[in-house]
Amino acid sequence: MPELPEVEIAARNLRRWAAGHRVRGTESDPRAARVFRPAAARVLARLRGARVDEVRRVGKNLLLTLTPGRRGGPKLGVWSHLGMTGQWVRRRAGDPPLPARRLSLALDDGARLDYVDMRMFGRFRLVPGARFDQVPDLAALGPDPLNDGVDPGRLFERLKRARLPIKVALLDQKLLAGIGNIQASEALFRARIDPRRPARSLSRPEVRRLATAIRASLEFTLRSFAKIGADGGDADIAYVEENAPNPFRVYGRAGARCPRCKAADVVRIVQAQRSTFFCPSCQK
DNA sequence: ACCCGTGTTCGCTG
DNA sequence: TCAGCGAACACGGG
């Protein structure tokens, strides 16, 4: 389910659920071997007895720092990426596992944190010494729009050398970390920029608009997800619920009247094998 | 059966 | 060396 806003909710949940707690027991789904590195058995062994100290989010990545069970050892890092269908859910110790549960962490407070991931594009990896900066894929990430802000000058310099359509360029995690297929369409709609334009064709004022739109869209989506989860107090929420209304302006709305100019219908096109939604009338 | 899906990586090409 | 492209991964739903 994850682009930056969903992963941010997941980070807040994990913080609330796990920070300061020890892992008592572990279990994994043998079919999910591809999710783990090193092999699941070694991951589980290292986690047992460890205490979760910190949960961070960078782009779509969750970074956990733990203190290992054996005293005096170096910190233990966990890099969790949710792929397309990954979720962290909290269960009670005796609850039966949900379908597609790939990993369970039983905590010292009687709760269980389960990683559920139908398609298994997600990843759960140990990072020795919690040295996340030593992991090439993490080190290569661009700035995180919410944690670091979006610098329009830097964005312009980066985009002016790319021939790719701007929509496709925005999906590159080395440009900005956390924008996915939904947020790319949403940000370009807010900035009134045609997603098919070569990235290098954007003017400075357009890039400035885009930088603002990216933050606005991410923050709006985050607020709407947090609201969905807000019912019931101890919100276990995090993810778009089936019945929840589509919180997006254009994504998934092909054929609907443009909510801004109302002069045309939202259209769906395919770019880099992914759907793009936009208004052909007010996105120039 | 076919197409679609909030992500990423790999191998090939020019 | 590198930007860009398409296939691949895996599974369920319409």
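Chain identifiers are assigned alphabetically (A, B, ...) following the order of the sequence lines, protein sequences preceding nucleic acid strands; residue numbering begins at 1 within each chain. What you are looking at is a predicted structure, and each value in this text was computed from that prediction instead of being measured.
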Exercise. Salt bridge or not for A:E206 and A:R192, using N-O below 4.0 Å?
Worked result: no
Of B:dT6, B:dG7, C:dG12, the nucleotide closest to the side chain of A:F121 is B:dG7
Review point. Under 4.0 angstrom, heavy atoms only, what part of the nucleic acid is A:Q183 near: base, sugar-phosphate, or nothing?
Key: nothing
Notebook entry, point to check: Which part of the nucleic acid does A:R163 contact within heavy-atom distance under 4.0 Å: base, sugar-phosphate only, or nothing?
Noted result: sugar-phosphate
Q.
Would you say that more than 12 heavy atoms from the other residues, nucleotides or ligands in this model lie under 6.0 Å from the CZ of A:R37, or not?
A. no
| said: Counting the atoms with a prime plus P, OP1 and OP2 as sugar-phosphate, which does A:R274 contact under 4.0 Å by heavy atoms, base, sugar-phosphate, or nothing? | reply: base
One should report the stems of DNA chain B, each a stretch of at least three consecutive Watson-Crick or G-U pairs at distances under 3.5 Å, as B:2-5 with C:11-14, B:7-14 with C:2-9
Exactly one of A:L103, A:L105, A:V89 clears side-chain contact (heavy atoms from CB on, under 4.5 Å) with A:D114, and that residue is A:V89
Regarding the side chain of A:L164, the nearest nucleotide among C:dC5, B:dG5, C:dG12 is C:dC5
Using the P atom as the point on both nucleotides, what is the distance between C:dA7 and B:dC4, in whole Å? 13 Å
Residues at least two apart in sequence or cross-chain that pass ring-ring contact (aromatic ring centres under 6.0 Å, His included) with A:Y251, listed by chain then number, are A:F277
| query | Within a reach of under 6.0 Å around CZ of A:R200, are more than 12 heavy atoms found that belong to other residues, nucleotides or ligands? | reply | yes
